[in-house]
Amino acid sequence: MDSLRKHIRSQQFVINAWDLTAAFTNIPYMFFFKNSDKCTDFMPSDRLRTSFIRAVQEFPILVGNVTVDRSGRGMVNVDAANLNMPEYLESYSQMNFNDIECNRFSWSSLADKVHTVDSTPAPGSTGVIKLVNVHIVRLIDNSGIIVFLSIPHYVVDGVGYCAFVNRWAEICRSMGGNTNGAVTRSYSFDRSIVDRCMPPEKLPLNTRMRKIYNSPSYLGHLIALPSPELRGTLLAHTIRLMDPVSHVFHISSASLAKLRAHIQTQAPATQRISDNDILTTLISHVVCSGIEDAANRSQGYFNAATQHIASTLMGATNDFLTMVVLDIRSRFKNLAHYVGNCVTCIPVVSPISELSNKQMSAHDLAKVCANVRTEVNATNPRALSKLHSLLSQTPASYAHVMANMLKTPKSVVISNQSRFALYSNDFGNGIPTWVGTIPIFYANFASICPVHPDSDGYNIYITVKKSTMDEILQNPQWNEYVSVIY
């Protein structure tokens, strides 16, 4: 890594409110590459490492240190004399790729730990948060390798993450003589570009958006107070205490078409129903139903009903909150090369009484789909400009968002990552056979993931409490359309 020092200059990158709002998580993926052609020089170590260093030179923000001053202002400081070097590890395993593939790439099939960081950005052995962690695992008999790569949401979003991993692959592929050389790419890390995109006209936010994004709380101030390292450590302990579990599911194109046809029987002829609308509705249903059924099972139905009546009398909501992660790039110009955070969460509210039914009717499914579509469409540039102002008005504004979500336990965050270029990275020996994430994220989180080009439909990753997952696995409507991968 010493060559990095020759090519990196000292500089600072401002972390804006969009970065900080997303900064509570890492972006961790595992890429499984199979040596199908029995190549003796399959993805050689020196080429992977050298191309990685060259890719990092084009992403200098990845060798900085995250700092937040007393006012809450965030920065990534890149000190050429004291770089925050990436963690780059390589190990050898007795695991065989064919065995892992036969077990459908399940986490239980991995005899060795592949991921070197968890879901939250926390300090490692050096006491600081690394801004890129890599673990290359070489499998026995040269049968393949696993590439684990994690980057904190502090510095990039999913689009930026894919830009980096695909650039790394592109450089590596060119070094192997498989192309005429890596073409020049341009990336923007300038956070002010987001400020300049926002129109001066602002549209008032709806009631739910204001409640999430414009309701300061003592908890929010407490979340904003610690250093990034301490906050990451506390969040990691909190997730472990919740003891969540995860599964990966698959919905085929045929099943999705069947569900769409069912919903359309009760939807207005003019209603557009996208894959995202359907999947968001289906995931919201199964998580909401799982939470309710788990609570009823643990308390007994009489006690649960009593608690429900008491909560209603005290003014507690009877709604389920779905936070839909939205990439705002398509709503603005001049963000095509920007790799910082351009995502926000859009709240979609549904009555628990409808969403938690074991078998939601086509009418109720269509209603939730329409609600998702309405809220997403309403997030236009003027509304986002207002949201940008709210997030930027105080240094702790970003933390109030998390605090307000923590106060709504009957909720789920859904991130549609199906358009991420996760299967585009070819290091010279072909694209990955499988791309998966780490075993545990945080409770009540779901992501809609892309599938291999030879497959169809979508993969769905869900992390919830074990009691909720037990109910999800038994949900008849979910099982009618979705199958378990692992």
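When a residue number appears, it is its place in the shown sequence, counting from 1.
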Exercise. Under the criterion side chain to side chain donor-acceptor pair (under 3.5 Å), which of Ser246, Ser119, Ser447 is the partner of Thr463?
Worked result: Ser246
For this session: Measure the acute angle between the ring planes of Phe31 and Tyr161, then classify it against the limits of 30° and 60° as parallel, tilted or perpendicular.
Result: parallel
Exercise. If you take all heavy atoms of Ile448 and Ile283, which pair is closest and at what distance?
Worked result: CG1-CD1, 3.9 Å
Exercise. Which class fits the ring pair Tyr461 and Trp107: parallel under 30°, tilted 30 to 60°, perpendicular over 60°?
Worked result: perpendicular
Exercise. For Asp327 and Arg329, which heavy atoms make the closest approach, and how far apart are they?
Worked result: OD1-N, 3.0 Å
Exercise. Hey, does the side chain of Asn26 reach the backbone of Thr120 with a donor-acceptor pair shorter than 3.5 angstrom?
Worked result: yes
Exercise. Could you go step by step and tell me if Ser274 and Asp277 meet the side chain to side chain donor-acceptor pair (under 3.5 Å) rule?
Worked result: CA-CA 5 Å; Ser274 69; Asp277 298 337; 3.1 Å; yes
For this session: Verify the neighbour count for atom CZ of Arg5: are there more than 12 heavy atoms of other residues, nucleotides or ligands below 6.0 Å?
Result: yes
Exercise. Which heavy-atom pair separates Arg173 from Asp426 by the least distance, and what is that distance?
Worked result: NH1-O, 2.5 Å
For this session: Using side chain to side chain donor-acceptor pair (under 3.5 Å) as the criterion, point out the one residue from Thr21, Asn404, Thr344 that pairs with Tyr213.
Result: Thr344
Problem set entry | Closest contact, heavy atoms only, Leu205 versus Ala383 | CD2-O, 3.6 Å
Exercise. Strictly under 6.0 Å, is that where the ring centroids of Phe59 and Phe189 end up?
Worked result: yes
For this session: Decide yes or no on side chain to side chain donor-acceptor pair (under 3.5 Å) for Asn133 and Thr116, but give the supporting numbers first.
Result: CA-CA 7 Å; Asn133 296 80; Thr116 53; 4.5 Å; no
For this session: List the steps, then state whether side chain to side chain donor-acceptor pair (under 3.5 Å) holds for Ser215 with His400.
Result: CA-CA 7 Å; Ser215 299; His400 297 312; over 6 Å; no
Exercise. So, does Arg231 use its side chain to make a donor-acceptor pair with the main chain of Pro226 at under 3.5 Å?
Worked result: yes
For this session: May I ask you to check whether Trp478 and His285 show a side-chain donor-acceptor distance below 3.5 Å?
Result: no
For this session: Take Ser192 and Arg196 through the test side chain to side chain donor-acceptor pair (under 3.5 Å) and record every step on the way to the result.
Result: CA-CA 6 Å; Ser192 67; Arg196 296 195 297 271; 2.7 Å; yes
Problem set entry | Derivation of the side chain to side chain contact (heavy atoms under 4.5 Å, CB included) call for Ser284 and Val412 | CA-CA 7 Å; Ser284 298; Val412 65; 4.3 Å; yes
Problem set entry | His452 atom NE2: more than 12 heavy-atom contacts under 6.0 Å | yes
For this session: Please determine which of Val325, Asn444, Thr322, Val324 meets the side chain to side chain contact (heavy atoms under 4.5 Å, CB included) test together with Val413.
Result: Val325
Exercise. Is any side-chain heavy atom of Leu422 less than 4.5 Å from a side-chain heavy atom of Cys162?
Worked result: yes
Seminar exercise, completed: For Ala22 and His153 the tightest heavy-atom approach is O-CB, 2.9 Å
Seminar exercise, completed: The single option from Leu62, Leu131, Leu4 that satisfies side chain to side chain contact (heavy atoms under 4.5 Å, CB included) with Pro86 is Leu4
Exercise. Salt bridge check: are Glu170 and Arg185 linked by an N-O gap of less than 4.0 Å?
Worked result: yes
Exercise. Do Glu90 and Ser45 have side-chain atoms, one donor and one acceptor, less than 3.5 Å apart?
Worked result: yes
Exercise. At what distance, to the nearest 0.5 angstrom, does CD1 of Ile136 lie from CE of Met43?
Worked result: 6.5 Å
For this session: Indicate yes or no: at least one non-hydrogen side-chain atom of Asn429 is less than 4.5 angstrom from one of Asn35.
Result: no
Exercise. Any idea which heavy atoms bring Glu375 and Asn206 closest together, and the distance?
Worked result: OE1-ND2, 3.2 Å
Problem set entry | Residue pair Leu321 / Arg208, side-chain heavy-atom distance below 4.5 Å | yes
For this session: Start with the C-alpha distance between Asp275 and Tyr458, add both sets of side-chain angles, then the distance that settles side chain to side chain contact (heavy atoms under 4.5 Å, CB included), and finish with yes or no.
Result: CA-CA 10 Å; Asp275 289 358; Tyr458 301 90; 2.5 Å; yes
